[in-house]
**Q** 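Just passing along the structure, written as C-alpha cells.
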Amino acid sequence: MELRLATHKQFGAFSLDLDLVIQGEACGIFGPSGSGKSTLVSLVSGLMEPDRGSILLDGTPLFDSGRRIDVPPDRRRIGIVFQQPSLFPHLSVRGNLLYGLKRCAPEHRRIDLESLVRVLQLEPLLDRGVNNLSGGEKQRVAIGRAVLSNPQLLLMDEPLSALDDHLRFQIISHLKAVCREFHLPFLFISHSMLEMRLMTEQVIALAGGRVTAQTTTEHLARERMGLSPVGYINLLRLTGMRLEGGASVYRWEGGELVLPRGAQETSGGLFELSSKDIILFKRHPEAISARNLLACTVVSLFESGSRTGVELAVGQGRLIAEIVPAAAQDLNIVPGSELYAAIKASAFRKLAMAEPGESLPDSGPVG
Amino acid sequence: MPAFSSAEYSAILLSLKVSLAATVVSLPFGFLAAYLLSYGRFRGKLALDVLVNLPLTLPPVVIGYLLLILLGRHGWLGRTLASLGVPVLFTWKAAVIATAVVGFPLMVRAIRVGMEAIDPRLIQASRALGAGPLDCLLTVILPLSIRGLVAGSVLMFARGLGEFGATIIVAGNIPGVTQTIPLAIYDYASSPGGDPMALALCLVSIVLSVAVLLLHEQLGRRMTRLD
C-alpha cells in the first residue's frame, strides 16, 4: 500500500496541511484530539473534500484539485471503522455484515462471509438484531462489516475509544487477527500511545494540523516518555505462571518475575510496567522489599524531556527505566554499565488481551 | 340523532377517500422534498423551503383560487389535462389536489424531523461501504425515516378530513360528487332546520379525528417496541 497525501483544508482558524507518503501494510496516526486525525480520515475516505491538493492510493488519484478529480466515497474502496459502531439499526448482524459485500464488484471479492465470521467469532451473533448486542460485540460487527466490503485500505478512527479497558484489548486482538489473516493494509488512528504500540510499528504524529514526526512507534514512545504522566510503558509477555508462597511467579525472557496473586489468574499474557516503577542500583542492595531484583546491562541512554531513559538488557528481554539526568551522572551510568533493577510485584498490570486461539471471556449485553 | 341519507354517507366516504388519496399521492413527493431540504446542497434550497411551507401560512382560499387558475381551461396544467381527456376541476380529483397541497407542509415537516434524527455516521458508513447517494437514500435513509413517514401521513390524513377552503373553490360543493364532510356541514349549517344533521356530522368528524389520533399513538408505541 502506498498513500500519498498533499492536501490543504481550512476550517475557520484551524488548517490541516498534510504532505506525506505512507508505505507498508500498517501505519498509525497519532495525535491529541484536535490535531486533525479525524479530518485526515474524512479526506482519505472522501467524506470530506480538501480545499486543494491531491490524494493518491497506489498511484491512482482519489482526489486532485488540479485535474478536477474527486472520486466519491462509494467508489474509493476504503473501509472505515468509526469510534462508535454505527451499525444499521434496521438490519440484522448478517444484514450489516453483507451491506458492503453486496456492493463490492465481484472481481474485488476475496474475503467472504464464512472466513470473516470464523476469524471474528461472529457465528452466534449472525441472526440477532444489532440493538441488543454489547458494546464489544457491536464493534466486532462494525469491524467485520468494513472488512467484508473488501476495501483496498482500512481506516480505523479511534475504534477503541468508546470501549472500556477490558474490551479494548480484546478488540485489538480481533483487529490484528483480521488484518493479518486477510492481508488488509490499514491506518490506525488513536490518541493512545499504548494502543498505537500494540497495533503498528510505523507511526505518523500529528499536532495542530501538521505532521510533527514520521517514525517508528517505539521511537515515538521513547521520545514521549518524559512528557507522559505514566512514563514509558514496558510491554512484557509473561508465561508459565506457578503459585509460590502467596505470589504468582511468571517466566519472562529467560528469567522470572514475581507478581502478587491476582483475582483471576491466567497462565500468562501481556503485562504493562511503567518506566517510573523501575529503580536502579549500582551494586546489589542487600535488603530490599521489592520482590523483583534483576541483574541487567545498560544498552543505551536517551533524553526525553527532563528525564533520561535507560534501555536495559535483562536476560533476553529489554526494559526501559527512567531516571533524572543527575542520577545518571552520580551513578556513572553509561552503555555497558552493570546494574540491578528493582521492581515491586504490584507494579505490573495485566492487559486483558486475548491471544489468538484463546477463548474470549463473554461480556453481557448492555442497554 | 337524525338518520343519515345516502348523501351523508357518500360525504363521509368521500372525505375518507379524498384524504387517503391525497396522503398516498403526496408521500413520495413529501419524502423527496424532506430529503432535499435535509441533505441537499443546491442553489434555491431556501426557495424550495419557502415554497413547501407556503400553504401553511397562506389562507386555503388563496391556495384554492391559485389552483383554480392553474387547473382551469386557460391554466397550463388544466390545458394539458384536458387534452389528455382528464377533467379535473369540480371532480373529486380536484379535492384530492387541494387537500394534498394544503397538507403538504405538515407532511414534509414530520418527515424531516424523523430524517434529521438519523445519525449522520450511518449515512457516512453506507457511503464508505459502497452505496451511492440513491442507494443510500433507499437502503438507509428511507427505512430509518419510517417513523416520520407514518407521522407525516397521519397528520396529512387528519388535516385532509377537515379541508374546506381550497376544496370548495376547485371542487365545488356537489352532493354525492365532491361534497365532503366539512362541505356538507357548511350546507346544513346555512340552511334552516339543518342543525341536527350538521351536529351529527360534527360528531362523525370528532370520532374520525379521535380514531386517527389513537391509531397514531398505537403505531408510535409499536415502533418504539420494535426499536
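Residue numbers start from 1 in every chain, and the chains themselves are labelled A, B, ... in the order their sequence lines are given, proteins ahead of strands.
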**Q** Side chains of Met107(B) and Leu155(B), heavy atoms from C-beta outward: is any pair under 4.5 Å?
**A** no
**Q** Measure the shortest side-chain to side-chain distance between Leu43(A) and Leu16(A) over non-hydrogen atoms and say whether it is less than 4.5 angstrom.
**A** yes
**Q** Given the rule in the side-chain contact (heavy atoms from CB on, under 4.5 Å) test, do Val108(B) and Arg112(B) qualify, once you have shown the distances and angles that lead to the verdict?
**A** CA-CA 6 Å; Val108(B) 172; Arg112(B) 269 183 84 173; 4.2 Å; yes
**Q** Quick one: which residues of residues 114-137 of chain B reach chain A at under 4.5 angstrom, heavy atoms only?
**A** Asp119(B), Arg121(B), Leu122(B), Gln124(B), Ala125(B), Ser126(B), Arg127(B), Ala128(B), Leu129(B), Gly130(B), Ala131(B), Gly132(B), Asp135(B), Cys136(B)
**Q** Side chain, backbone, both or neither: which part of Leu47(A) has a heavy atom under 4.5 Å from chain B?
**A** side chain
**Q** With sequence neighbours left out, which residue pairs that include part of residues 92-132 of chain B fulfil the ring-ring contact (aromatic ring centres under 6.0 Å, His included) condition?
**A** none
**Q** For side chain to side chain donor-acceptor pair (under 3.5 Å), just list the numbers for Glu158(A) and His191(A), CA-CA rounded to whole Å, side-chain angles, deciding distance to a tenth of an Å, and then say yes or no.
**A** CA-CA 8 Å; Glu158(A) 301 267 5; His191(A) 64 272; 3.0 Å; yes
**Q** Decide yes or no for Ile143(A) and Met156(A): does some side-chain heavy atom of the first lie under 4.5 Å from some side-chain heavy atom of the second?
**A** no
**Q** When only pairs under 4.5 Å are counted, which of Pro73(A), Ser149(A), Gly100(A) shares the most heavy-atom pairs with chain B?
**A** Pro73(A)
**Q** Is the shortest side-chain heavy-atom distance between Val81(A) and Val147(A) below 4.5 Å?
**A** no
**Q** Below 4.5 Å from any heavy atom of chain B, which atoms of Leu148(A) appear? Answer side chain, backbone, both or neither.
**A** neither
**Q** Given that the side chain runs from C-beta out, which part of Arg77(A) has a heavy atom under 4.5 Å from chain B: side chain, backbone, both or neither?
**A** neither
**Q** Look at atom CZ of Arg159(B) and say whether more than 12 heavy atoms of other residues, nucleotides or ligands are closer to it than 6.0 Å.
**A** yes
**Q** Under the side chain to side chain contact (heavy atoms under 4.5 Å, CB included) test against Leu161(B), which residue among Thr99(B), Ile181(B), Leu16(B) passes?
**A** Leu16(B)
**Q** Indicate yes or no: at least one non-hydrogen side-chain atom of Val178(A) is less than 4.5 angstrom from one of Leu184(A).
**A** no
**Q** Less than 4.5 Å apart, any side-chain heavy atom of Leu122(A) and any of Arg140(A)?
**A** yes
**Q** Name the region of Phe88(A), side chain, backbone, both or neither, that has any atom closer than 4.5 Å to a heavy atom of chain B.
**A** both
**Q** Around atom CZ of Phe90(B), are there more than 12 heavy atoms from other residues, nucleotides or ligands closer than 6.0 Å?
**A** yes
**Q** When you compare the side chain of Arg118(A) with that of Glu181(A), does any pair of heavy atoms fall below 4.5 Å?
**A** yes
**Q** Could you name the residues of residues 35-47 of chain B that have a heavy atom within less than 4.5 Å of a heavy atom in chain A?
**A** none
**Q** A side-chain contact here means heavy atoms from C-beta on lying under 4.5 Å apart; do Phe188(A) and Leu175(A) qualify?
**A** yes
**Q** Any residues in residues 48-61 of chain B near chain A, with a heavy-atom distance under 4.5 Å, and which are they?
**A** none
**Q** Might you work through the side-chain contact (heavy atoms from CB on, under 4.5 Å) test for Trp76(B) and Leu70(B), ending with a clear yes or no?
**A** CA-CA 6 Å; Trp76(B) 64 265; Leu70(B) 189 69; 3.4 Å; yes
**Q** For atom CZ of Arg4(A), decide whether the heavy atoms of other residues, nucleotides or ligands shown that lie under 6.0 angstrom number more than 12.
**A** no
**Q** Find the one option among Pro72(A), Pro89(A), Gly79(A), Ser42(A) whose heavy-atom pairs under 4.5 Å with chain B are most numerous.
**A** Pro89(A)
